[in-house]
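These notes are about the structure you will find just below.
What you are looking at is a predicted structure, and each value in this text was computed from that prediction instead of being measured. All heavy atoms count here, side chains included; hydrogens, waters and symmetry mates do not.
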Amino acid sequence: MDENEYYTIPEAQLCRKCHVRRIDLTENSNSILCRECREEQIRYPFPKKMIPAAVIILLLLVVALIKVPKTLNCYKIYQSAKVEAHTGEIYKALIGMQQVLEAYPDSVPAAEQAIELAMEYGYYDFGAYLINEYMVGKEVNDSTYAKLTMYSNKLTRYYNTYDKLEELNQNVDVNMPEEELLAWLKQELLACLDDPEQYPAMIYYYLGNLSSDSAEAQQYLEAGIKEDPKLTMTATALGTLKRRKGDFEGAKELYQDILKRDKTDPSALRTMGILCLLEGDKQQWLEYVRNAYEVDPEALYIKETMIIALMENGQTEEARNMKTQFDEQGEVFDEEFAGYLDGSITLHDYYVDEE
């Protein structure tokens, strides 16, 4: 029989859960439960009604853990971007920051850091893309606003020069002899140097590429580098000009200067590789080109150069597979590349007359 049938248990000794049986002190002198309630509590350490909530929490935790690797990876890229840039891996850092922003497009700090890297190291097209894609319409503090305004003013002049050249191209007299046409374009571009809304470094870049006189072209490109040393495409163009003239040492010096500042610059890696080819080092050529392709497979002329480098190093099957892959993706190559592939243009002539 239960002891309750013989006498009433004092209130102070009743189990705090069932309020029927006496508190069991045999295992714990501070217990507030009877033996039956204590054993039940051991089987269910938290109330049964909390089990569904616990299951939901567990599921949410699993989902969060699935997302953790991606989050940690993005945080790692974000933290290491400035370090990579400082150690000469600027373009690689920018590509990494772009991946972060694709995952977290509303992150103003990430966008600000990526834009600052792009603009400070002369990747203006990259900077303009980042501003338009990830900063327009965002709320920023006064310091960030001032910095973005400065960058935007610079980019406005930079793209004004793009627009000016496009305007000149649209107004070209197609019946004009080539020599007269080039002279007209040169005159119009030189006049733009006095326009404060234009970007002088870009004007000199265009003048250097339009000039048929190599000495004059060199002067224009050198003037462009002086105007804006960060605009590496001008230095790359001057290096290519020197290479065509047979000044391999002069070209190498320019390419090396770019790679000292950014050893992941795809254009400089590619052109440095071509120089190695012309000097007879095909293996080094392939290494440079492969590095450029890994950094940015969409960089200018990199796909053609990668295929040629593979073929010249005896990796014909890989080259053909790559060419087939690019064809399936709708890639269009120029006639000179087709000429190299069918043997009508020699390797040396292809690269002497490139670009």
Side-chain angles (χ1 to χ4, degrees), residues 85 88 90-91 94 114-132 147-169 182-245 247 250-272 296 299-301 355:
I90 301 159
Y91 200 86
L94 284 171
I115 292 165
E116 182 177 348
L117 282 175
M119 296 302 296
E120 290 302 313
Y121 289 97
Y123 293 104
Y124 303 138
D125 293 312
F126 211 139
Y129 164 76
L130 293 170
I131 290 174
N132 289 331
K147 190 182 298 183
L148 289 174
T149 300
M150 178 183 68
Y151 291 153
S152 295
N153 290 338
K154 185 173 189 174
L155 289 169
T156 296
R157 293 187 294 117
Y158 178 79
Y159 284 109
N160 280 347
T161 306
Y162 267 116
D163 294 340
K164 182 62 179 180
L165 187 67
E166 181 62 27
E167 177 188 328
L168 292 174
N169 286 332
L182 291 175
W184 175 75
L185 285 171
K186 175 183 173 182
Q187 181 180 3
E188 292 292 326
L189 286 171
L190 285 171
C192 290
L193 289 172
D194 298 324
D195 184 351
E197 297 301 315
Q198 299 294 327
Y199 202 74
M202 284 295 293
I203 295 172
Y204 284 124
Y205 173 78
Y206 288 137
L207 286 167
N209 281 278
L210 285 171
S211 180
S212 57
D213 180 87
S214 61
E216 183 182 65
Q218 181 169 332
Q219 290 178 352
Y220 285 136
L221 292 172
E222 287 173 346
I225 294 171
K226 186 177 180 180
E227 281 286 343
D228 186 356
K230 296 177 182 178
L231 195 61
T232 56
M233 67 181 187
T234 311
T236 302
L238 181 57
T240 298
L241 178 66
K242 287 179 176 288
R243 191 189 73 219
R244 289 173 179 166
K245 293 165 59 178
D247 182 6
K252 182 181 292 186
E253 183 178 346
L254 285 160
Y255 299 151
Q256 286 176 338
D257 284 345
I258 298 172
L259 292 172
K260 283 178 184 177
R261 191 172 66 92
D262 182 5
K263 57 188 176 184
T264 59
D265 184 298
S267 180
L269 286 169
R270 171 183 167 272
T271 48
M272 189 66 173
D296 186 0
L300 191 63
Y301 298 122
E355 301 172 3

Working to the nearest 0.5 Å, report the span between [atom1] of [X] and [atom2] of [Y].
{"X": "Ile203", "Y": "Thr161", "atom1": "CD1", "atom2": "OG1", "answer": "5.0 Å"}
{"X": "Tyr255", "Y": "Arg270", "atom1": "OH", "atom2": "CZ", "answer": "8.5 Å"}
{"X": "Leu231", "Y": "Tyr123", "atom1": "CG", "atom2": "OH", "answer": "11.0 Å"}
{"X": "Asn169", "Y": "Leu165", "atom1": "CG", "atom2": "CG", "answer": "4.5 Å"}
{"X": "Leu130", "Y": "Tyr151", "atom1": "CG", "atom2": "OH", "answer": "11.5 Å"}
{"X": "Met233", "Y": "Met202", "atom1": "CE", "atom2": "CE", "answer": "3.5 Å"}

From the options Asn132, Asn160, Ile131, select the one residue that forms a side chain to side chain contact (heavy atoms under 4.5 Å, CB included) with Leu155.
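In the set Asn132, Asn160, Ile131, the residue that makes a side chain to side chain contact (heavy atoms under 4.5 Å, CB included) with Leu155 is Ile131.
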For residues [X] and [Y], report the shortest heavy-atom separation together with the two atoms involved.
{"X": "Ala268", "Y": "Ile258", "value": "CB-CG2, 3.5 Å"}
{"X": "Leu259", "Y": "Asp265", "value": "CD2-O, 4.2 Å"}
{"X": "Asn209", "Y": "Ala237", "value": "ND2-CB, 4.4 Å"}
{"X": "Pro266", "Y": "Ala299", "value": "CB-CB, 3.9 Å"}
{"X": "Leu241", "Y": "Ser214", "value": "CD2-O, 3.6 Å"}
{"X": "Ser267", "Y": "Thr236", "value": "OG-CG2, 3.3 Å"}

Qualifying residues under side-chain contact (heavy atoms from CB on, under 4.5 Å), relative to Ser212, sequence neighbours excluded
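Testing Ser212 for side-chain contact (heavy atoms from CB on, under 4.5 Å), a comparison that skips the adjacent residues, returns none.
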Enumerate the residue pairs fulfilling salt bridge (Lys or Arg N to Asp or Glu O under 4.0 Å) with a member in residues 154-163, sequence neighbours excluded, ordered by first and then second residue.
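Output for this query is empty, none listed.
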All pairs passing salt bridge (Lys or Arg N to Asp or Glu O under 4.0 Å) where residues 117-128 contributes a residue, at least two apart
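Those involving residues 117-128 are Glu120-Lys230.
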Quick one: side chains of residues 186-195, donor-acceptor pairs under 3.5 Å with protein atoms, not counting sequence neighbours, listed by atom name and distance.
from, atom 1, to, atom 2, distance (Å)
Lys186, NZ, Glu216, OE2, 2.6
Asp195, OD1, Glu197, N, 2.9

Lys263: what forms a salt bridge (charged side-chain N to carboxylate O under 4.0 Å, His left out) with it, not counting sequence neighbours?
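Once residues adjacent in sequence are excluded, Lys263 has no partner under the salt bridge (charged side-chain N to carboxylate O under 4.0 Å, His left out) criterion.
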State which residues pass salt bridge (charged side-chain N to carboxylate O under 4.0 Å, His left out) with Asp247; sequence neighbours excluded, sorted by chain then number.
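Salt bridge (charged side-chain N to carboxylate O under 4.0 Å, His left out) check on Asp247 returns Lys242.
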With sequence neighbours excluded, what pairs up with Tyr205 under the ring-ring contact (aromatic ring centres under 6.0 Å, His included) test?
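With sequence neighbours excluded, Tyr205 shows a ring-ring contact (aromatic ring centres under 6.0 Å, His included) to no residue whatsoever.
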Qualifying residues under ring-ring contact (aromatic ring centres under 6.0 Å, His included), relative to Tyr159, sequence neighbours excluded:
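Partners of Tyr159 under the ring-ring contact (aromatic ring centres under 6.0 Å, His included) test: Tyr162.
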Around atom NZ of Lys226, are there more than 12 heavy atoms of other residues, nucleotides or ligands at under 6.0 Å?
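Counting other residues, nucleotides and ligands, NZ of Lys226 stays at 12 neighbours or fewer.
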Say whether, by atom type as modelled, one donor and one acceptor occur between the side chain of Thr156 and the main chain of Ser152 under 3.5 angstrom.
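It does hold such a pair.
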Give a yes or no on whether the backbone of Tyr121 and the side-chain of Arg261 come within a donor-acceptor separation of less than 3.5 Å.
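Yes, the answer is positive, given that a donor and an acceptor are paired below the 3.5 Å cut-off.
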side-chain contact (heavy atoms from CB on, under 4.5 Å) evaluation trace for Met119 with Met150:
CA-CA 10 Å; Met119 296 302 296; Met150 178 183 68; over 6 Å; no
Side-chain heavy-atom pair Leu117, Phe126 within 4.5 angstrom cut-off
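A side-chain contact under 4.5 Å is absent here.
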What residues form a side chain to side chain donor-acceptor pair (under 3.5 Å) with [X], not counting sequence neighbours?
{"X": "Asp228", "answer": "Tyr124, Tyr199"}
{"X": "Glu227", "answer": "none"}
{"X": "Gln219", "answer": "none"}
{"X": "Tyr220", "answer": "none"}

Any chance you could lay out the side chain to side chain donor-acceptor pair (under 3.5 Å) test for Asp262 and Thr264, step after step, and finish with the verdict?
CA-CA 5 Å; Asp262 182 5; Thr264 59; 2.7 Å; yes
